[in-house]
Amino acid sequence: QVQPVESGGGSVQTGGSLKLSCAASRVAVDGYCLGWFRQAPGKEREGVAAIDDLGYTDYADFVQGRFIISQDSAKNTLFLQMNSLKPEDAATYYCSGDCIEISDFVRAKGDTLKARGQGTLVTVSS
């Protein structure tokens with residue numbers, strides 16, 4: 001399995017934006033999907049956003065309307081545009097190809113979400 005490489009994290013102020021990228025991710029094909037999840041210090045992993053092979057997307061309630069997931073199939077790259085960031089969005093973000101249903105992925109918690117790459121750290125100051 002190709003190891004994903006996440007990038008684009010950084011430190012922003014509340015209300016700021018960041019765009020995360022995940023290289024070497026496979027495209028969402030054949031009924032499977034791709035997603036982003038996150039883990040804050042001392043907290044369990046939680047699904048954030050997912051996109052399927054038809055381009056349908058789903059989001060966790062806590063990012064709905066602020067984050068946008070997309071993919072560049074030609075470059076095998078997955079993106080997460082994060083707007084209106086809040087301090088509670090601070091976490092290490094991971095991309096994942098362990099995704100079958102987008103609705104299940106964004107509601108997943110804990111060890112069901114597997115980190116295959118190093119993740120990218122996002123910090124948000126108030």
Side-chain angles (χ1 to χ4, degrees):
Q1 187 171 12
V2 177
Q3 181 174 350
V5 179
E6 300 95 344
S7 63
S11 181
V12 297
Q13 292 186 327
T14 297
S17 298
L18 285 172
K19 186 173 185 177
L20 308 184
S21 299
C22 176
S25 64
R26 62 170 174 78
V27 297
V29 294
D30 299 336
Y32 288 84
C33 52
L34 299 173
W36 288 93
F37 67 92
R38 69 188 187 186
Q39 185 168 25
K43 295 187 177 181
E44 65 177 351
R45 294 171 182 171
E46 55 185 3
V48 173
I51 184 168
D52 70 13
D53 57 322
L54 298 178
Y56 290 105
T57 59
D58 202 358
Y59 299 90
D61 289 343
F62 50 78
V63 303
Q64 187 72 254
R66 299 188 297 122
F67 289 12
I68 301 172
I69 187 171
S70 62
Q71 64 176 341
D72 182 335
S73 301
K75 297 182 179 179
N76 278 8
T77 304
L78 184 69
F79 302 101
L80 185 68
Q81 176 67 47
M82 305 189 297
N83 302 317
S84 301
L85 283 161
K86 305 175 181 179
E88 52 263 43
D89 293 320
T92 299
Y93 285 72
Y94 302 87
C95 64
S96 173
D98 299 320
C99 176
I100 298 177
E101 294 289 343
I102 56 176
S103 58
D104 292 339
F105 186 91
V106 300
R107 288 159 183 77
K109 303 283 186 183
D111 293 341
T112 58
L113 297 164
K114 306 295 184 185
R116 307 288 183 187
Q118 296 300 309
T120 186
L121 180 64
V122 173
T123 58
V124 185
S125 58
S126 57

Please name the pair of heavy atoms, one in [X] and one in [Y], separated by the smallest distance, quoted to 0.1 Å.
X: Thr112; Y: Ala108; result: OG1-CB, 3.8 Å
X: Leu80; Y: Ala49; result: CD1-CB, 4.0 Å
X: Arg45; Y: Gln39; result: NE-OE1, 3.1 Å

In terms of the angle between their ring planes, are Tyr93 and Phe67 parallel, tilted or perpendicular, with boundaries placed at 30° and 60°?
->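 Judged by the thresholds at 30° and 60°, the geometry between Tyr93 and Phe67 is tilted.
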Out of curiosity, [X] [atom1] to [Y] [atom2], how far, rounded to the nearest 0.5 Å?
X: Glu46; Y: Trp36; atom1: CD; atom2: CH2; answer: 15.0 Å
X: Thr92; Y: Phe37; atom1: OG1; atom2: CZ; answer: 10.0 Å
X: Phe79; Y: Ser70; atom1: CZ; atom2: OG; answer: 6.0 Å
X: Ile102; Y: Leu34; atom1: CD1; atom2: CG; answer: 11.5 Å
X: Asp53; Y: Cys33; atom1: CG; atom2: SG; answer: 8.5 Å
X: Leu20; Y: Ser7; atom1: CG; atom2: OG; answer: 8.0 Å

When clusters are formed by joining ILVMFWY residues with side-chain heavy atoms under 4.5 Å apart, either directly or through shared neighbours, do Val124 and Ile68 land in the same one?
->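 Val124 clusters together with Ile68.
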Do Val63 and Ile69 share a hydrophobic cluster (ILVMFWY, side-chain heavy atoms under 4.5 Å, transitive)?
->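 Yes.
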Salt-bridged, Lys109 to Glu44, with N to O below 4.0 Å?
->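 So Lys109 does not pair with Glu44 through a salt bridge.
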side-chain contact (heavy atoms from CB on, under 4.5 Å) partners for Asp104, two or more places apart =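 With neighbours one apart ignored, the set is Glu101.
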Report the residues that fulfil side-chain contact (heavy atoms from CB on, under 4.5 Å) with Lys43, sequence neighbours left out, ordered by chain and then residue number.
->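 Here the qualifying residues are Ala40.
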Is any side-chain heavy atom of [X] less than 4.5 Å from a side-chain heavy atom of [Y]?
X: Leu78; Y: Ile51; answer: yes
X: Thr14; Y: Leu85; answer: no
X: Leu113; Y: Phe105; answer: yes
X: Leu18; Y: Val122; answer: yes
X: Ser17; Y: Met82; answer: no

Answer yes or no: are there more than 12 heavy-atom neighbours, outside Tyr56 itself, under 6.0 Å from its atom OH?
->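 It does not: Tyr56 OH has 12 such atoms or fewer within range.
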For atom CD of Gln118, decide whether the heavy atoms of other residues, nucleotides or ligands shown that lie under 6.0 angstrom number more than 12.
->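 Check fails, neighbour count at 12 or below.
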Where at least one partner belongs to residues 62-71, residue pairs that pass salt bridge (Lys or Arg N to Asp or Glu O under 4.0 Å), sequence neighbours excluded |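 Counting only pairs at least two positions apart or across chains, the salt bridge (Lys or Arg N to Asp or Glu O under 4.0 Å) contacts touching residues 62-71 are Arg66-Asp89.
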Pairs touching residues 4-21 that satisfy salt bridge (Lys or Arg N to Asp or Glu O under 4.0 Å), sequence neighbours left out =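 Qualifying pairs, neighbours excluded: none.
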Apply salt bridge (charged side-chain N to carboxylate O under 4.0 Å, His left out) to Asp58 and list each qualifying residue two or more places apart in sequence or on a separate chain.
->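 Once residues adjacent in sequence are excluded, the partners of Asp58 under the salt bridge (charged side-chain N to carboxylate O under 4.0 Å, His left out) criterion are Arg107.
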Pairing residues for Lys86 by the salt bridge (charged side-chain N to carboxylate O under 4.0 Å, His left out) criterion, not counting sequence neighbours =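 Salt bridge (charged side-chain N to carboxylate O under 4.0 Å, His left out) list for Lys86, sorted by chain: empty.
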